[in-house]
Protein chains: 2
Amino acid sequence: MAALVEGQARPIRLADIAKAAGVSHGTASNVFSRPEIVRAEVRERVKAVAEAMGYAGPDPKGRLLRAGKVNAIGVCTTEPLSYFFDDPFARVMMAGISQACDATGAGIALVSAQNDEKLAWNIQSALVDGFILFCIEGGPRLVELTRERRLPFVALAIGFDDDTISMIGIDNIAGARLAARHLGELGHRRFAVLSLPFVDGSTGLVMPGRLGTALYTATRDRLAGYFEELARFGVDTTRVPVYETENEAATTRAGLEAIFASGEPPTAILAMSDRMAMVAIDWLTERGLNVPGDVSVVGFDGVPDGLLSRPQLTTIAQPIAEIGRRAARMILDFDGAVRREMLGVELVVRASTGPAKA
Amino acid sequence: MAALVEGQARPIRLADIAKAAGVSHGTASNVFSRPEIVRAEVRERVKAVAEAMGYAGPDPKGRLLRAGKVNAIGVCTTEPLSYFFDDPFARVMMAGISQACDATGAGIALVSAQNDEKLAWNIQSALVDGFILFCIEGGPRLVELTRERRLPFVALAIGFDDDTISMIGIDNIAGARLAARHLGELGHRRFAVLSLPFVDGSTGLVMPGRLGTALYTATRDRLAGYFEELARFGVDTTRVPVYETENEAATTRAGLEAIFASGEPPTAILAMSDRMAMVAIDWLTERGLNVPGDVSVVGFDGVPDGLLSRPQLTTIAQPIAEIGRRAARMILDFDGAVRREMLGVELVVRASTGPAKA
DNA sequence: CATTTTTCTTGGATCGATTCAAATATTGCT
DNA sequence: AGCAATATTTGAATCGATCCAAGAAAAATG
């Protein structure tokens with residue numbers, strides 16, 4: 001008893017079992033990984049020895065090196081890890097990724113880090129077969145670091161142009177047009193836009209000269225889509241205020257203050273995210289303005305939370321879970337090709353939009 | 001050019017770089033892992049060669065075997081993977097786990113599987129230093145499988161007694177008493193209990209004889225707590241209907257039907273989870289009953305969704321995120337001891353409870 | 001220049017398994 | 001029993017790195 005128990009300092013290896021059972025390590029390995037090719041008598045003996053010695057089974061660390069494949073995909077972002085569980089958009093996306101992984105038995109490893117150095121290290125050392133990148137912020141850096149790993153990866157919600165990487169995106173221009181057309185058809189003619197950032201860290205009312213300069217394509221395309229469509233309704237888009245926020249409450253509220261400070265307040269707000277749209281609804285309601293009676297609001301994304309806002313949010317819904325599923329499959333079935341998929345979006349009319357006041 | 005590029009079929013190894021640069025593999029390794037001990041000139045040469053050959057950096061698979069530590073913890077459940085992103089309780093818990101992991105730079109691997117065989121395999125081969133077990137359902141099996149890995153693990157939300165495993169739990173009895181006392185003090189004397197399962201798969205009104213027989217300790221303790229406290233208010237607990245649900249909408253609704261079918265409907269409902277409590281609120285509202293005017297409802301868990309129900313839910317709040325943080329730390333700082341931590345709960349009075357009708 | 005220190009580099013051992021061609025045992029059949 | 005066919009077992013090679021004792025080179029010292 002003593003010898004074995006004391007040996008617990010050093011975990012038992014397959015080789016120990018083999019020696020104790022008097023078989024080669026090849027056979028011992030077979031007992032665990034291909035039991036059917038081992039003679040029953042030998043198999044039972046080896047298993048008994050393993051049991052008696054407290055062997056934990058073949059260590060995946062060893063197997064991994066030999067096998068090459070990890071059978072897991074890494075999901076990576078520059079946000080803290082809890083982002084995956086807090087953010088509604090991320091959650092639906094992760095649910096989609098989960099489904100694809102569940103279907104093939106692949107695992108999911110969450111990768112993130114506060115600072116650049118740690119992030120680099122975590123990407124370097126993630127035990128995965130490929131990455132899905134959430135390019136919410138710091139996208140280019142994330143891509144750069146991941147590229148060094150030379151593993152397959154897909155970029156999601158990618159804000160910038162780069163034809164050399166696989167990505168799954170949506171047709172932002174079409175989505176934005178859908179939103180604008182909906183409001184135009186309801187008779188609205190005075191608009192304001194709550195915009196996603198043009199570049200990291202800037203915020204405030206966007207001067208007309210900067211309108212085409214957004215670094216992020218999502219921002220640029222959505223703005224372009226809004227304006228193209230508004231122009232068709234005869235709106236003078238140069239007079240539509242565009243406020244750049246950081247896609248969270250504080251800057252969005254600041255934007256609303258700025259927008260409604262002017263003499264001619266809008267009757268409809270085009271928000272580039274559901275998050276901003278819901279902040280807008282709250283803000284308007286607090287101000288005693290009725291949504292949609294006084295002001296209509298359209299969001300963008302189609303997160304499930306939109307159903308919980310009062311009134312329920314009219315929005316441009318992305319197929320978020322489907323994007324996640326496809327991304328996961330793209331990694332799981334990787335074939336060396338760079339793929340760029342563009343999914344359609346959909347106008348979901350709920351209760352936050354209505355006819356313009358006469 | 002040709003030779004190297006054609007070699008891409010086989011990924012470049014550190015040894016290849018070493019040979020090409022004319023140094024030993026030991027030195028090549030140092031260039032990447034401890035660059036400061038390599039002479040600058042050599043270091044730059046090796047790096048240049050690595051760059052030229054398209055070396056992706058030391059493969060973590062190799063490093064892992066040598067290092068022994070994975071620096072990641074596995075979170076495991078028998079639910080599908082998407083459970084981690086869908087379920088409100090799980091999400092808050094994961095956020096807590098994430099925080100602890102973020103703080104130490106550890107990664108998170110999600111482990112789950114549809115069937116027992118796959119689950120066993122996934123647990124066997126998870127590349128982690130320890131496990132956190134979500135013992136929602138099939139807890140004993142999960143523990144059994146994990147134990148075979150002989151890695152540290154902590155059980156959460158564990159429903160059964162087993163002193164040999166580490167766990168973090170809450171004082172279910174105290175929590176239940178808090179809920180019952182709150183209602184008793186509001187003057188309620190006619191109660192009904194929406195119960196978590198006694199054993200997997202059973203559901204329906206619980207016959208008095210079975211009341212002490214719940215396999216799951218959470219169920220048993222909460223029930224005991226409710227009854228102890230109700231008895232103090234002079235309630236005849238043998239006449240309090242207890243309906244066993246599967247903690248989801250369908251069986252909870254069936255329970256409510258059964259409970260309100262009797263001649264003497266309760267004025268207060270003790271629900272063993274927020275989920276059931278919120279279903280109850282919806283059901284009662286649909287029936288034209290006012291909450292809390294006609295019927296008060298208390299939940300259990302304290303998930304953030306409770307704030308979104310109308311009226312907002314009165315509940316017994318567990319320190320969910322804290323449980324997650326502690327669990328993660330227990331694995332990260334594992335010292336070989338079996339630890340059992342019991343955290344306190346708190347009555348959070350919101351709007352779903354009020355005085356009993358006169 | 002010889003000697004001592006200090007700094008780098010080397011190459012074998014190791015982490016824990018799987019694989020596969022070759023060697024050995026069994027079994028079947030005449 | 002003899003021999004081919006089939007079933008098992010063996011053990012070296014491999015996966016891709018890190019570690020470390022020992023040797024070599026460079027720098028410092030007298």
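Everything numeric in this text was worked out from a predicted model, so none of it was measured. In what follows, every chain begins at residue 1, and chains take the letters A, B, ... in the order their sequences are listed. Worth knowing before you read on, the calculation uses all heavy atoms, side chains too, and leaves out hydrogens, waters and symmetry mates.
Nucleotide D:dT18 holds its P atom 9 Å from the CZ atom of B:F32, rounded to whole Å. To the nearest angstrom, C1' of C:dC20 lies 11 Å from CD1 of A:I37. Atom CD in B:E36 sits about 13 Å away from atom P in C:dT7, given to the nearest Å. For the pair A:R13 CZ and C:dT18 P, the interatomic distance rounds to 14 Å; values are reported in whole Å. To the nearest angstrom, C1' of D:dA17 lies 14 Å from CD of A:Q124. Regarding B:R43, its CZ atom lies at a distance of 9 Å from the P atom of C:dT9, rounded to whole Å. In this structure, CZ of A:R63 is placed 19 Å from P of C:dC15, rounded to the nearest angstrom. To the nearest angstrom, C1' of D:dT9 lies 18 Å from CD1 of A:I17.
In terms of phosphate contacts, B:T27 brings a side-chain nitrogen or oxygen within less than 4.0 Å of OP1 or OP2 of C:dT10. Proximity of A:S24 to the phosphate of D:dG11: no side-chain N or O atom is located under 4.0 Å from OP1 or OP2. The shortest distance between the side-chain N/O atoms of B:Y55 and the OP1/OP2 oxygens of D:dA17 is below 4.0 Å. Between A:R39 and D:dT8 there is no side-chain N or O to OP1 or OP2 distance below 4.0 Å.
Nearest nucleotide to the side chain of B:L14, out of D:dA17, C:dG12, C:dA17: D:dA17. The nucleotide whose nearest atom lies closest to any side-chain atom of B:H25 is, among C:dA13, C:dG16, D:dA17, C:dA13.
Comparing A:N30 and B:A15, the nucleotide of DNA chain D nearest to each residue sits closer to the 5' end for A:N30. Comparing B:K61 and B:R34 by the nucleotide of DNA chain D that holds the closest heavy atom to each, the one mapping nearer the 5' end is B:K61. Judged by closest nucleotide on DNA chain C, B:G22 is the one of B:G22 and B:G62 placed further toward the 5' end.
A side-chain donor from one of A:T164 and A:R147 sits under 3.5 Å from a side-chain acceptor of the other.
Electrostatic pairing of A:R91 and B:D86 does not count as a salt bridge here, judged by no charged N lying under 4.0 Å from a carboxylate O. Ion pairing between a basic and an acidic side chain is recognised when a charged N comes within 4.0 Å of a carboxylate O; B:D16 and B:R13 show such pairing.
Side-chain contact between B:T78 and B:L119: present, with at least one pair of heavy atoms (C-beta onward) separated by less than 4.5 Å.
A donor and an acceptor atom sit less than 3.5 Å apart, one in the side chain of B:R66 and one in the base of C:dT14.
When B:R325, B:E322, B:M94 are each tested for a side-chain contact (heavy atoms from CB on, under 4.5 Å) with B:Q99, only one passes: B:R325.
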